[in-house]
Amino acid sequence: MATEVKPEIKGNITKEPEPGAPDYRKAWIANVNEYNNGKDGKRGKPHPFCHGIQMDTHHLISGKALADLDESLQEALRLKGYNVNSLGNLVGLPSTFKGACHLGIQVHRTRHSFKKNEFSEVNESDYHEKVREIIERQERAIKSCYGTTEQEESKRDIHKNHMDQISQRLLDRLLNFELLLTRVGSHFDRGKTPYIGCANKDKIGELKTNLECCVTENNDHRREWDKFKNYTPEVEISFAQYWLPERGI
């Protein structure tokens, strides 16, 4: 009896989910809830999203960076089965100044590009351009890796041995403040003195004048509401002040 040959799986390099796949935000929230609440009798671990801190779902390898690649490299990524919306390329980052100040990690705002910060420490930064350059340096390896019939993305050659490694390096650089998402990204670096944090403001535009350090004692915003625009979480901030984001949650 002949063995059935499975068709190779094609990838997706846009934020739009492929037919039948969940929206990446919903998939991330489901994974976060499982992490926080536990599963199969295993005890969960607290996640800031479930304890009063508003968070966005950030694509480490961005859709814009992929859109700016040469067409032949884009096609190679699709043919090898790369999915930009896989959990291994997603990470939760605080979407408010207050949340970022409390956790000591960068805020997720704007288009991730800016001309300079208020201290002129960074003359120009474009996150998507830097990501594109990193991927382009791996072009030969990407084009020579295996296609896949593997349903589980993390087991695919393109993910396991190539793109997920890039995602991890990008996350490390974000956490070390080597790669900034906004011109105020370094405000949340606890290694800097003085620590500016939220600067007692809610919007980047409000920081153009009268820049000051967060006045909340020890930058501890617990028992405060992480309000922003028209949304308030169901609970006050109750998460500890230390959080090390991981891919997938």
Side-chain angles (χ1 to χ4, degrees), residues 14-17 21-37 44-60 62-64 84-85 87 89-114 127-128 171 174-175 180-190 195-208 210-249:
T14 73
K15 289 185 178 181
E16 291 296 320
D23 172 81
Y24 72 84
R25 173 71 173 178
K26 292 179 180 178
W28 177 82
I29 289 175
N31 208 44
V32 165
N33 286 331
E34 184 177 298
Y35 176 92
N36 185 81
N37 301 329
K45 299 178 182 178
H47 191 288
F49 179 73
C50 302
H51 294 270
I53 292 180
Q54 293 198 51
M55 304 192 86
D56 286 341
T57 307
H58 173 64
H59 284 77
L60 292 160
S62 65
K64 186 177 187 313
V84 70
N85 299 315
L87 286 170
N89 188 47
L90 304 178
V91 67
L93 295 177
S95 56
T96 68
F97 283 9
K98 184 179 290 185
C101 180
H102 182 78
L103 296 174
I105 58 179
Q106 292 192 55
V107 68
H108 189 268
R109 292 276 182 88
T110 74
R111 298 178 180 177
H112 307 335
S113 62
F114 56 93
Y127 179 85
H128 308 292
L171 177 57
L174 285 176
L175 297 179
L180 299 178
L181 294 174
T182 69
R183 69 178 180 85
V184 299
S186 61
H187 287 192
F188 307 99
D189 182 357
R190 288 195 175 128
Y195 179 70
I196 297 174
C198 63
N200 314 301
K201 300 290 192 299
D202 292 322
K203 300 177 182 177
I204 290 179
E206 296 173 347
L207 299 174
K208 292 181 179 178
N210 301 323
L211 183 64
E212 58 186 2
C213 296
C214 172
V215 297
T216 301
E217 185 177 0
N218 298 321
N219 316 114
D220 187 347
H221 293 277
R222 275 176 288 190
R223 295 172 296 281
E224 296 180 22
W225 293 95
D226 193 19
K227 300 178 182 179
F228 185 64
K229 294 185 177 179
N230 297 320
Y231 180 75
T232 303
E234 296 179 355
V235 296
E236 297 174 334
I237 294 175
S238 61
F239 193 81
Q241 283 188 273
Y242 178 77
W243 171 244
L244 186 64
E246 300 174 26
R247 292 184 297 116
I249 57 173

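Counting begins at 1 with the first residue of the sequence.
In terms of the side chain to side chain contact (heavy atoms under 4.5 Å, CB included) criterion, residue partners of Ile237 (sequence neighbours excluded) are, by chain and number, Ile53, Lys98, His102, His221, Arg222, Asp226. Among residues two or more places apart in sequence or in another chain, the ring pair (Phe, Tyr, Trp, His ring centres under 6.0 Å) test is passed with His59 by Tyr24. Ser113 pairs by the side-chain hydrogen bond (donor to acceptor under 3.5 Å, both in side chains) definition with nothing, not counting sequence neighbours. Residues satisfying the side chain to side chain contact (heavy atoms under 4.5 Å, CB included) criterion with Asn33, sequence neighbours excluded, are Ile29, Asn37, Cys50. Residues satisfying the ring pair (Phe, Tyr, Trp, His ring centres under 6.0 Å) criterion with His58, sequence neighbours excluded, are His108, His112, Tyr127.
Note that OG of Ser186 and CD1 of Ile196 are 6.5 Å apart. Values are rounded to the nearest 0.5 Å. Interatomic distance, Gln54 CD to Lys227 NZ, rounded to the nearest 0.5 Å: 11.5 Å. Interatomic distance, Asn85 CG to Glu16 CD, rounded to the nearest 0.5 Å: 8.5 Å. Considering OG1 of Thr57 and CG of Leu87, their distance stands at 9.5 Å, rounded to 0.5 Å. Here the CG-CG distance, from Asn89 to Leu60, works out to 5.5 Å after rounding to the nearest 0.5 Å.
Between the Asp202 side chain and the Phe97 main chain, no donor and acceptor come within less than 3.5 Å of each other. Using a distance-only test at 3.5 Å, with no hydrogens or angles considered, a donor-acceptor pair links the side chain of Gln106 to the main chain of Leu181. Remark: the backbone N or O of Gly92 is not paired with any side-chain donor or acceptor of Asp56 at under 3.5 angstrom. Using modelled atom types, one side-chain atom of Arg109 and one backbone atom of Ser95 make a donor-acceptor pair closer than 3.5 Å.
When every heavy atom of Val215 is checked against every heavy atom of Asn200, the shortest pair comes out as N-OD1, 3.0 Å. Smallest separation of non-hydrogen atoms from Asp189 and Tyr195: O-CD1, 3.5 Å. The two residues Gly197 and Cys101 come nearest to each other via the heavy atoms CA-SG, 3.8 Å. Heavy-atom minimum distance, Leu244 versus Leu175: CD1-CD1, 3.7 Å. Shown here for Gly99 and Pro94, the closest heavy-atom pair between the two residues is C-CB, 3.8 Å. For the pair Pro245 and Ile105, the tightest heavy-atom approach, listed with the atom from each and the gap, is CG-CD1, 3.7 Å.
In this structure, Arg25 places its CZ atom where more than 12 heavy-atom neighbours from other residues, nucleotides or ligands lie under 6.0 Å away.
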Exercise. Before giving the answer on side-chain contact (heavy atoms from CB on, under 4.5 Å), spell out for Thr14 and Val84 the whole-Å C-alpha distance, their side-chain angles and the decisive distance to 0.1 Å.
Key: CA-CA 7 Å; Thr14 73; Val84 70; 5.7 Å; no
Exercise. Please report the C-alpha distance between Phe49 and Trp28 in whole Å, then the side-chain angles of each, then the deciding distance to 0.1 Å, and finally whether the side-chain contact (heavy atoms from CB on, under 4.5 Å) criterion is met.
Key: CA-CA 11 Å; Phe49 179 73; Trp28 177 82; 4.0 Å; yes
Practice problem: Could you please spell out the steps behind the side-chain contact (heavy atoms from CB on, under 4.5 Å) verdict for Phe239 and Leu103? | Solution: CA-CA 9 Å; Phe239 193 81; Leu103 296 174; 3.7 Å; yes
Exercise. Evaluate the side-chain contact (heavy atoms from CB on, under 4.5 Å) criterion for residues Val32 and Met55: first the C-alpha distance (whole Å), next the side-chain angles of each, then the deciding distance (0.1 Å), finally the verdict.
Key: CA-CA 11 Å; Val32 165; Met55 304 192 86; over 6 Å; no
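For the pair Leu180/Leu174, no side-chain contact is recorded, criterion being any heavy-atom separation below 4.5 Å from C-beta on. Side chains of Leu211 and His187 form a contact here, defined as non-hydrogen atoms less than 4.5 Å apart. With a 4.5 Å cut-off on side-chain heavy atoms, Val107 and Thr182 count as touching.
Within the structure, side-chain hydrogen bond (donor to acceptor under 3.5 Å, both in side chains) pairs that include any residue of residues 239-249 comprise Gln168-Arg247 (at least two apart or interchain).
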